[in-house]
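Below is one structure, written out as structure tokens; comments come after it.
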Amino acid sequence: MIWEDLGAVSAYAIALEKGYLGTKEDFAQMLINAATLPDVDKIVQSAQKATEESKNQTKEAQILTETIKKQTNHISFSINSEDGGLDIVYTE
């Protein structure tokens, strides 16, 4: 008969070799929990959708910012020479 060292032959044994410090029961529970994690594809799709919506909102904000800048370019301020008050003039 030939005997050969198979080394680590279970996921738990391999995890221990890689530094895992938990018990077999903890390891089993971790595997059970991993099997019930949310669908990664759905999470990625949701993140992509949120990213696209954010891009659209950014574009809209840029358009509004340019509009406001154009409007404020028509505002001028001056000190009234008669009463010393601030005159605000909007011209187009």
Side-chain angles (χ1 to χ4, degrees):
M1 216 178 223
I2 299 175
W3 294 93
E4 185 176 333
D5 181 8
L6 298 177
V9 292
S10 71
Y12 177 70
I14 293 169
L16 289 174
E17 284 182 354
K18 300 293 182 183
Y20 179 73
L21 300 175
T23 65
K24 279 185 180 181
E25 291 77 18
D26 292 338
F27 189 76
Q29 188 61 51
M30 183 177 65
L31 293 177
I32 291 168
N33 292 343
T36 59
L37 290 176
D39 184 6
V40 173
D41 289 333
K42 288 181 183 176
I43 294 170
V44 170
Q45 288 172 355
S46 177
Q48 288 172 334
K49 181 179 177 184
T51 300
E52 195 60 37
E53 289 173 1
S54 177
K55 285 180 185 178
N56 292 337
Q57 290 174 354
T58 300
K59 287 178 187 176
E60 290 175 18
Q62 289 172 331
I63 291 168
L64 291 172
T65 300
E66 287 303 315
T67 301
I68 290 170
K69 283 172 52 179
K70 287 177 184 176
Q71 290 175 350
T72 57
N73 287 337
H74 295 281
I75 297 175
S76 62
F77 301 93
S78 62
I79 302 296
N80 187 305
S81 60
E82 294 176 14
D83 64 9
L86 178 64
D87 288 341
I88 303 170
V89 179
Y90 182 84
T91 57
E92 289 203 37

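FYI, the numbering just counts along the sequence from 1.
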(request) Identify the residue among S78, S76, S81 that makes a side-chain contact (heavy atoms from CB on, under 4.5 Å) with D87. (result)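 Exactly one pass, corresponding to S78.
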
(message) With clusters defined by side-chain heavy atoms of hydrophobic residues (ILVMFWY) lying less than 4.5 Å apart, directly or transitively, does I14 cluster with L31?
(response)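 In one cluster with L31: I14, no.
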
(request) Would you please say whether a donor-acceptor pair under 3.5 Å links the side chains of Q29 and N33? (result)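 Present: a donor and an acceptor within the cut-off.
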
(message) Are N80 and L86 packed together at the side-chain level, in the sense that at least one heavy-atom pair is separated by less than 4.5 angstrom?
(response)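 They are not in side-chain contact.
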
First locate atom [atom1] of [X], then atom [atom2] of [Y], and finally report the distance between them rounded to the nearest 0.5 Å.
X   : Y   : atom1 : atom2 : value
Q48 : I43 : CD    : CD1   : 12.5 Å
T23 : M30 : OG1   : CE    : 10.0 Å
K24 : S10 : NZ    : OG    : 6.5 Å

(message) Under a 3.5 Å distance rule, please check whether S46 uses its side chain to pair with a backbone N or O of K42 as donor and acceptor.
(response)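 Absent.
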
(request) Mark yes or no for whether H74, through its side chain, and Y90, through its backbone, hold a donor-acceptor pair below 3.5 Å. (result)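 Judged by distance alone, no pair lies under 3.5 Å.
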
(message) To check you understand the geometry: which heavy-atom pair defines the closest contact between F27 and A15, and what is its length?
(response)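 Distance-wise, the nearest heavy atoms are CE1-CB, 3.5 Å.
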
(request) Hydrophobic side-chain clustering at under 4.5 Å (ILVMFWY, transitive links): who's grouped with I68? Put none if nobody. (result)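 Via sub-4.5 Å side-chain contacts, I68 links to none.
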
(request) Might you work through the side chain to side chain contact (heavy atoms under 4.5 Å, CB included) test for Y20 and D26, ending with a clear yes or no? (result) CA-CA 10 Å; Y20 179 73; D26 292 338; 3.3 Å; yes

(message) Please determine whether side chain to side chain contact (heavy atoms under 4.5 Å, CB included) holds for the pair I75 and V89, giving the CA-CA distance in whole Å, both sets of side-chain angles, and the decisive distance to 0.1 Å.
(response) CA-CA 6 Å; I75 297 175; V89 179; over 6 Å; no

(message) Checking E53 now: which residues fulfil salt bridge (Lys or Arg N to Asp or Glu O under 4.0 Å) with it, not counting sequence neighbours?
(response)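 If we apply the salt bridge (Lys or Arg N to Asp or Glu O under 4.0 Å) test to E53, skipping adjacent residues, there are no hits.
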
(request) Report the C-alpha distance between K49 and E52 in whole Å, list the side-chain angles of each, state the deciding distance to 0.1 Å, and finish with yes or no for salt bridge (charged side-chain N to carboxylate O under 4.0 Å, His left out). (result) CA-CA 5 Å; K49 181 179 177 184; E52 195 60 37; over 6 Å; no

